Amino acid sequence: MARRLSREEAKRRIEELRREIAYHDYRYYVLDSPVISDAEYDRLMLELMALEEAFPEFITPNSPTQRVGGAPREGFPTVRHLVPMLSLANAFEPGDLRDFDRRVKEALPGEKVEYVVEPKIDGLAVSLLYRNGEFVQGATRGDGEVGEDVTPNLRTIRSIPLRFLKDAPPLVEVRGEAFMPKEAFVKLNERREEEGEPPFANPRNAAAGSIRQLDPRVTAGRKLDFFAYGIGYYEGISFSTHWEVLDWLAEQGFRVNEHRRLFSSIDEVIDYVLSWQNRRFDLPYVIDGMVVKVNSLEQQARLGATMKSPRWAVAFKFPPEEAVTKLRRIEIS
Ligand SMILES: NC(=O)c1cnc(OC2CCCC2)nc1N
């Protein structure tokens, strides 16, 4: 039986356990490569729970023990995004990407332009606010300006870090897609059929339905995941390219898509985008296209945005495929 700790010792040990557990969550849920056994992980969590029970004044909503979610709230408070969440204009064929490239080059005469290409995850866009590296608020996109506060629900997604792994700026909005992997989707619908519940039509609806409901314990049971793909408002740190932003997010402990690529010509972009039109069915999550972004943040700022979409980014949409039963070829229109 560990000797009874003083209040100060307990506070220090609690902080130490939270950091250790945050690191192991990162290894397990983001890198898929744990460095301790499940039993060792459970022991850390049990020690933290025991200390929090003995010293309840130290319990914070951001403690790993709070991930499973508490009682549901009455309704969703609203959140005004510090930087609006824009929506993407669509491209449907290579010619549309060439038009996009031409418009970018016309607006930036004589300048070199690099493009970042990322899979377009088919989930629910969310914004995560981190204050001094601590996750303090999570919201849906809503109308782009104002979304729903779904913080307790997003807290249950293990690949969303409760705190940054490295030194943190005072305030940053992390943007990304919450999604349900295909395997979790199939298992959830099997369970719903058994329980006489209507199945979800596709993983996007399943993710949205799991987040936009009031009971975080329901969200906790839905095995959701998260890819970070950008930032909105930020202060106390500077970036010059989108690629740097993605690297920084990965360093802070977020899952960033491994199939992102950096190109310096629209021809390479088109080849890469088309290469995923069929390969996408082998991914363990649904993508409905690829997103093409101007890499330089300074060029993005000069290109600006229309009322609702950036001029510096476009979504290339793949054609919807008819549903095919095998797991690896699950694609739902
Ligand atoms: N669903 C995605 O995977 C995805 C969506 N959006 C963006 O970037 C938009 C965000 C605002 C302007 C560019 N990137 C993505 N990867």
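Counting convention: from 1, in listed order, for ligands and their atoms alike. Here the structure is a predicted model, which means the values were calculated and not measured. Numbering starts at 1 and runs along the sequence shown.
Look at Pro119 and you'll find a heavy atom under 4.0 Å from some atom of ligand 1. Not a single heavy atom of Gly230 sits less than 4.0 Å from an atom of ligand 1.
Ion pairing of Glu47 with Arg13 is present here, as a side-chain N (NZ or NE/NH1/NH2) and a carboxylate O approach within less than 4.0 Å. A salt bridge links Arg255 with Asp32; the closest basic N to acidic carboxylate O contact falls under 4.0 Å.
Ring to ring, Tyr28 and Tyr41 are not that close: their centroids are 6.0 angstrom or more apart.
Remark: ligand 1 atoms within the under-4.0 Å shell around heavy atoms of Glu177 are 1 (N). Residue Lys293 approaches ligand 1 through these ligand atoms, each under 4.0 Å from one of its heavy atoms: 7 (C), 8 (O), 14 (N). Heavy-atom proximity to Pro310, at under 4.0 Å, picks out these atoms of ligand 1: 12 (C).
Identified under the salt bridge (Lys or Arg N to Asp or Glu O under 4.0 Å) test for residues 65-89, with sequence neighbours left out: Asp25-Arg67, Arg73-Asp149, Arg80-Glu145.
Taking all heavy atoms of Phe227, Trp312, Tyr229 into account, the minimum distance to atom 12 (C) of ligand 1 is reached by Trp312.
Cluster membership for Leu162 and Leu129, using ILVMFWY side-chain heavy atoms within less than 4.5 angstrom, is not shared.
Contacts between Ile121 and ligand 1 below 4.0 angstrom, taking non-hydrogen atoms only, involve backbone and side chain alike.
For the pair Arg192 and Phe200, the distance from NZ or CZ to the six-membered ring centre is under 6.0 Å and the angle to the ring normal is within 45 degrees.
Judged by distance alone, the side chains of Arg155 and Asn62 do bring a donor and an acceptor atom under 3.5 Å apart.
Among protein heavy atoms, atom 16 (N) of ligand 1 sits closest to Glu118 OE1, 2.8 Å. Of the protein's heavy atoms, Leu88 CD2, 3.7 Å lies nearest to atom 13 (C) of ligand 1. Among protein heavy atoms, atom 11 (C) of ligand 1 sits closest to Leu86 O, 3.9 Å.
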